Amino acid sequence: MKTPTKPELPESTNSIGNSGDLSSLKQKTGVLKKIDVAWATSRAAGEELKKVQIEQVKAEGNIALTGLKLAEAAIRTAMVANAMPQIGALTTRVNAATTAVDQALTNGNAGETYTHLSNRAANLQLANDLRASGKISGDEADVVISFAQADAAEDISRSRQRMADAKTAVSGLNQFALQGIAAAKNKLS
């Protein structure tokens, strides 16, 4: 029967492995027990190596995830930076168009008001001319003048209401456009 060869025990690099006590223990330990110790030591070292390698894999995974998150942030930032001038231009165009339409509505209403006032003045002049020439009585002229006053006031009121309704519609379109722009912006973030 062959005698088992003495297993090599790993040399420890710490101060415990280099102490005189450990050397004395090794000399007093039998061959079979030394093999058992070598196996136990190997298993313990394997478990610790396993823990170290698992932590190393976790660390590498965390580093890779962080790199991906940074890359994603850089891409999103670039997309937002590229889209920002377009979004700003759209907002500026929407607001400029809204302002132009509001001004046109205000100017148009002023023109209508002047036209109604001019028509009233012409009707008043006609009533006064007819009274002066004796074609209508003073009471008839007063009735025609009151109709001209009432008609002008009603025409001006309707013009102002049309302008207000139109400005409300334009304001609603402005808000709708800005909400669309905001929705597009939100998709970038």
Side-chain angles (χ1 to χ4, degrees), residues 1-110 160-189:
M1 185 183 251
K2 276 185 161 179
T3 41
T5 56
K6 180 177 173 185
E8 290 291 322
L9 293 177
E11 286 292 324
S12 178
T13 57
N14 63 32
S15 62
I16 294 173
N18 293 331
S19 72
D21 294 336
L22 185 57
S23 176
S24 170
L25 285 174
K26 284 181 185 179
Q27 289 174 358
K28 294 177 184 174
T29 303
V31 173
L32 293 177
K33 197 60 174 169
K34 285 181 181 176
I35 292 172
D36 186 39
V37 168
W39 280 105
T41 304
S42 176
R43 277 192 302 276
E47 286 300 314
E48 293 306 313
L49 178 61
K50 177 181 168 184
K51 288 177 188 177
V52 167
Q53 288 181 336
I54 287 172
E55 289 303 316
Q56 182 181 9
V57 168
K58 285 180 183 179
E60 289 171 359
N62 288 338
I63 290 169
L65 284 174
T66 301
L68 287 175
K69 286 178 183 177
L70 288 172
E72 178 185 9
I75 290 168
R76 282 182 181 269
T77 301
M79 289 172 62
V80 169
N82 287 336
M84 194 178 307
Q86 294 170 353
I87 289 171
L90 285 173
T91 304
T92 301
R93 284 179 29 209
V94 165
N95 288 338
T98 302
T99 301
V101 171
D102 274 347
Q103 288 174 348
L105 289 169
T106 298
N107 293 341
N109 182 254
R160 292 191 59 74
Q161 186 59 50
R162 281 193 306 271
M163 178 189 68
D165 291 346
K167 284 188 174 192
T168 298
V170 168
S171 178
L173 290 172
N174 176 279
Q175 289 303 311
F176 180 73
L178 292 177
Q179 287 169 357
I181 291 169
K185 176 206 61 100
N186 289 337
K187 288 183 181 179
L188 292 173
S189 48

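Computation of the quantities below employed the complete heavy-atom set of this structure, encompassing side-chain atoms and omitting hydrogens, waters and symmetry-equivalent molecules. The structure displayed is predicted, hence computed values, not measured ones.
For residues 162-177, the pairs satisfying salt bridge (charged side-chain N to carboxylate O under 4.0 Å, His left out) are Glu112-Arg162, with sequence neighbours left out. Residue pairs satisfying the side chain to side chain donor-acceptor pair (under 3.5 Å) criterion with at least one member in residues 62-72, sequence neighbours excluded, are listed as follows: Glu72-Arg76.
Taking Ile87 as the reference, Ala83, Thr91, Ile181, Lys185, Leu188 meet the side-chain contact (heavy atoms from CB on, under 4.5 Å) condition, with sequence neighbours excluded. Qualifying side-chain contact (heavy atoms from CB on, under 4.5 Å) partners for Val101, counting only residues two or more places apart in sequence or in other chains: Leu105, Val170. Evaluation of the salt bridge (Lys or Arg N to Asp or Glu O under 4.0 Å) rule for Lys33 yields Asp36 as partners, not counting sequence neighbours. Take Arg93 and apply the side-chain contact (heavy atoms from CB on, under 4.5 Å) test, not counting sequence neighbours, and it matches Leu90. By the side chain to side chain donor-acceptor pair (under 3.5 Å) test, Asn107 is found to be paired with no residue, residues two or more places apart in sequence or in another chain being considered.
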Please output the side-chain donor-acceptor pairs of residues 46-60 that fall under 3.5 Å, not counting sequence neighbours, one pair per line with the distance.
residue, atom, partner, partner atom, Å
Glu48, OE2, Lys51, NZ, 3.4

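Note that NZ of Lys34 is 12.5 Å distant from NZ of Lys28, once rounded to the nearest 0.5 Å. Taking CG of Asn82 as the reference point, atom CE of Met79 lies at 9.0 Å (rounded to 0.5 Å).
In this structure a side-chain-to-backbone donor-acceptor pair under 3.5 Å is present from Thr98 to Val94.
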